[in-house]
Amino acid sequence: MVEADGAQAATGDVTEGTVLTALGQWLCATIPLPADAVMVGQVNRVAPPCGAFAIMTVAGRGRIATNRTTYGAGCRIVWMQQQVDVRVDLHGAGAGDGAGRIALLFRDPACAAFLAGYGTIAPLYAAPPRQRDFVSDAAQYEDVWQVTVSLQVNSTATFAQDFANALNVGIFETDATFPPE
């Protein structure tokens with residue numbers, strides 16, 4: 001789990017794009033796949049490549065903890081720890097072995113160190129790999145395996161905040177200043 005503290009506020013917010021970039025780079029190094037063989041699913045608008053490839057699709061998001069608020073110079077920073085689930089579909093020869101490798105290495109300290117290089121992202125767990133039915137546009141069965149990985153992501157929102165950093169204190173005689181009625 002990645003602890004959220006005010007010292008990390010300067011690094012900025014971790015977006016969904018950052019999460020997918022970090023996971024995609026880790027997949028390229030782990031399976032291994034070339035960078036152009038790892039894609040984002042649903043709205044990628046590209047035909048599947050020939051050979052082995054992976055498609056990442058954000059499958060869900062959920063809150064892990066209650067918000068935490070910290071304060072900086074003239075601002076208030078609200079932290080939300082959330083779980084982001086990403087479904088990884090592996091297509092082509094060796095997809096089953098690749099899915100097993102993801103499940104094996106996702107909780108490894110090397111994976112945690114790799115993902116931490118992209119901000120406050122940490123691996124939580126990987127679901128067991130499952131084979132999935134997939135029929136291509138040519139009505140041919142293709143070897144497809146699926147692994148859902150869950151990551152912790154600390155998102156932030158920063159707001160301007162007024163502070164009372166100067167206060168004038170004086171002594172007043174109550175009856176003279178505010179006479180009784």
Side-chain angles (χ1 to χ4, degrees), residues 1-4 8 10-65 79-157:
M1 199 144 112
V2 179
E3 192 62 36
Q8 296 170 334
T11 61
D13 197 16
V14 177
T15 64
E16 187 174 289
T18 306
V19 172
L20 293 172
T21 298
L23 183 58
Q25 293 295 322
W26 181 78
L27 289 172
C28 289
T30 302
I31 296 181
L33 286 172
D36 61 349
V38 177
M39 297 168 274
V40 176
Q42 292 182 335
V43 291
N44 61 13
R45 300 193 193 287
V46 295
C50 295
F53 64 96
I55 298 177
M56 303 178 299
T57 307
V58 175
R61 300 178 98 127
R63 183 180 297 276
I64 293 175
W79 294 82
M80 181 176 78
Q81 296 177 357
Q82 62 181 329
Q83 175 177 326
V84 177
D85 299 325
V86 180
R87 189 181 72 226
V88 179
D89 295 314
L90 300 169
H91 296 250
D97 292 335
R101 192 170 176 90
I102 292 169
L104 171 70
L105 297 176
F106 190 69
R107 286 287 299 163
D108 190 77
C111 177
F114 185 94
L115 294 174
Y118 289 86
T120 52
I121 304 172
L124 291 174
Y125 55 88
R130 296 183 316 193
Q131 190 170 30
R132 196 168 65 92
D133 293 338
F134 185 80
V135 179
S136 71
D137 57 350
Q140 297 295 312
Y141 168 82
E142 291 186 17
D143 194 21
V144 176
W145 282 78
Q146 183 179 86
V147 179
T148 300
V149 296
S150 297
L151 304 105
Q152 178 182 332
V153 178
N154 292 339
S155 297
T156 61

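A quick note: this is a predicted structure, and the numbers were derived from the prediction, not measured.
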Value rounded to 0.5 Å, distance of [atom1] in [X] from [atom2] in [Y]:
X      : Y      : atom1 : atom2 : result
Phe106 : Cys111 : CZ    : SG    : 5.0 Å
Met80  : Arg63  : CE    : CZ    : 5.0 Å
Leu33  : Met39  : CG    : CE    : 9.5 Å
Leu90  : Ile102 : CG    : CD1   : 4.5 Å

Contacts table for residues 91-100: side-chain donor-acceptor under 3.5 angstrom, sequence neighbours left out:
none

Non-neighbouring partners of Thr15 that pass side chain to side chain donor-acceptor pair (under 3.5 Å), sequence neighbours left out
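Thr18.
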Side chain proximity check, Thr120 to Gln152, heavy atoms < 4.5 angstrom
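No. Closest side-chain heavy atoms not under 4.5 Å.
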Heavy-atom donor-acceptor pair, Arg107 side chain to Pro123 backbone, under 3.5 Å:
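It does hold such a pair.
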Return all side-chain donor-acceptor pairs below 3.5 angstrom for residues 48-61, not counting sequence neighbours, or 'none' if the list is empty.
{"unit_1": "Arg61", "atom_1": "NE", "unit_2": "Gln82", "atom_2": "OE1", "d": "3.4"}
{"unit_1": "Arg61", "atom_1": "NH1", "unit_2": "Glu16", "atom_2": "OE1", "d": "3.0"}

Verify side-chain contact (heavy atoms from CB on, under 4.5 Å) between Asn154 and Val14, making sure each step is shown before the conclusion.
CA-CA 7 Å; Asn154 292 339; Val14 177; over 6 Å; no
Any side chain to side chain donor-acceptor pair (under 3.5 Å) involving residues 47-56? Give me the pairs, sequence neighbours left out, ordered by first then second residue.
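Output for this query is empty, none listed.
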Just grab all the salt bridge (charged side-chain N to carboxylate O under 4.0 Å, His left out) pairs involving residues 120-130, residues at least two apart or on different chains.
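Output for this query is empty, none listed.
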Can I get a per-line list of side-chain donor-acceptor pairs under 3.5 Å for residues 20-32, giving both atom names and the distance, sequence neighbours left out?
{"unit_1": "Thr21", "atom_1": "OG1", "unit_2": "Gly17", "atom_2": "O", "d": "2.8"}
{"unit_1": "Trp26", "atom_1": "NE1", "unit_2": "Thr30", "atom_2": "OG1", "d": "3.4"}
{"unit_1": "Thr30", "atom_1": "OG1", "unit_2": "Trp26", "atom_2": "O", "d": "2.7"}

Does Arg87 have any salt bridge (charged side-chain N to carboxylate O under 4.0 Å, His left out) partners at least two apart in sequence or in another chain, and if so, which?
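Applying salt bridge (charged side-chain N to carboxylate O under 4.0 Å, His left out) to Arg87 gives Asp89.
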